[in-house]
Amino acid sequence: MKKILTILLSAVIVISSCATASLNLLPDKNSLPEQTESTDIISEENPVQNTAQSELSAAQEESNAVLNEKKKPMIALTFDDGPCELTDSILDILERYNVRATFFVQGQFVEKRQDTIRRAVKNGNEVAGHTWRHNRLSDLSNKDMAETIVTTSAIIEQITGVPSPRFFRPPYGHIDWRVKNVCAGLGYALINWTVDPQDWRLLNADKIYIEVMNTVRENSIVLLHDIFSTTKTAAERIIPALIEKGYELVTVSELMSHLYEELKPGTVYGAYGLRH
Ligand code: ZN
């Protein structure tokens, strides 16, 4: 009998500790302490307390909505080679639909378009480097390679006032063992892509739209270029269509932190870029 009681007691302890553990997994937004506090004062007789209860339900519903929101499949749209005169119109589209993207910019153009860069970051987009002047990295010495990566990050940070991500996109997606070694030494990861509609070759909004919609899936990193008006026109259709399909459009950092504990310096993410 004593043995049975001991087993039951252990089971109760295990169940209660599991409950505590699962509570810890809930998000701190619409926080549990607030709900626990409200629960303490609720009784059926008091209308004030009933109000508290309905507020509690509303808070719970909101909390569930936040959880459901997080379950949406993600896609990261990326725009390369700018900033240019079309970048603001891409920002307009992103703003209209309240979504975010990542801009891989050339350092040489950043200074001339400071307002665009600041606007992009202010709206929750991400700005990361694409070297200073679209250099093919393997053509450069180790020293020049490091310089083109670091100076581009530095000017982005200087203009936005926020730390630039510790990753960049190599022009043409071109990477070799030396590029990886230099990036590992600098502490940078390399971000290529998983979907390439080849907008630079198609130069046709309908074809770019169809290519993207036929090839995206959850966790795609989509390669686009904000320097082509056909890409801008395609983006006007792609963005609402992806939202309609239930995707959440996020930055590369958001997607990466969803997929990985941390990005490893010198490592390439987005395998298809390697074909270039
Ligand atoms: Zn490029």
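All of these numbers come straight from a predicted model, not from anything done at the bench. Indexing begins at 1, ligand by ligand and atom by atom, following the structure's order.
No donor-acceptor contact under 3.5 angstrom links the side chains of Tyr247 and Ser220, judged on distance only.
Separation of the Tyr269 and Phe167 ring centroids does not fall under the 6.0 Å cut-off.
At least one N, O or S atom of His130, from either the backbone or the side chain, sits less than 2.8 Å from the Zn ion (ligand 1).
As for Asp81, its N/O/S atom nearest the Zn ion (ligand 1) is the one called OD1. Within His134, the N/O/S atom positioned nearest the Zn ion (ligand 1) carries the name NE2.
Interatomic distance, CD of Glu236 versus CD1 of Ile238, reported as 10.5 Å (0.5 Å rounding).
Considering only heavy atoms from C-beta on, Thr87 stays 4.5 Å or farther from Phe79 through its side chain.
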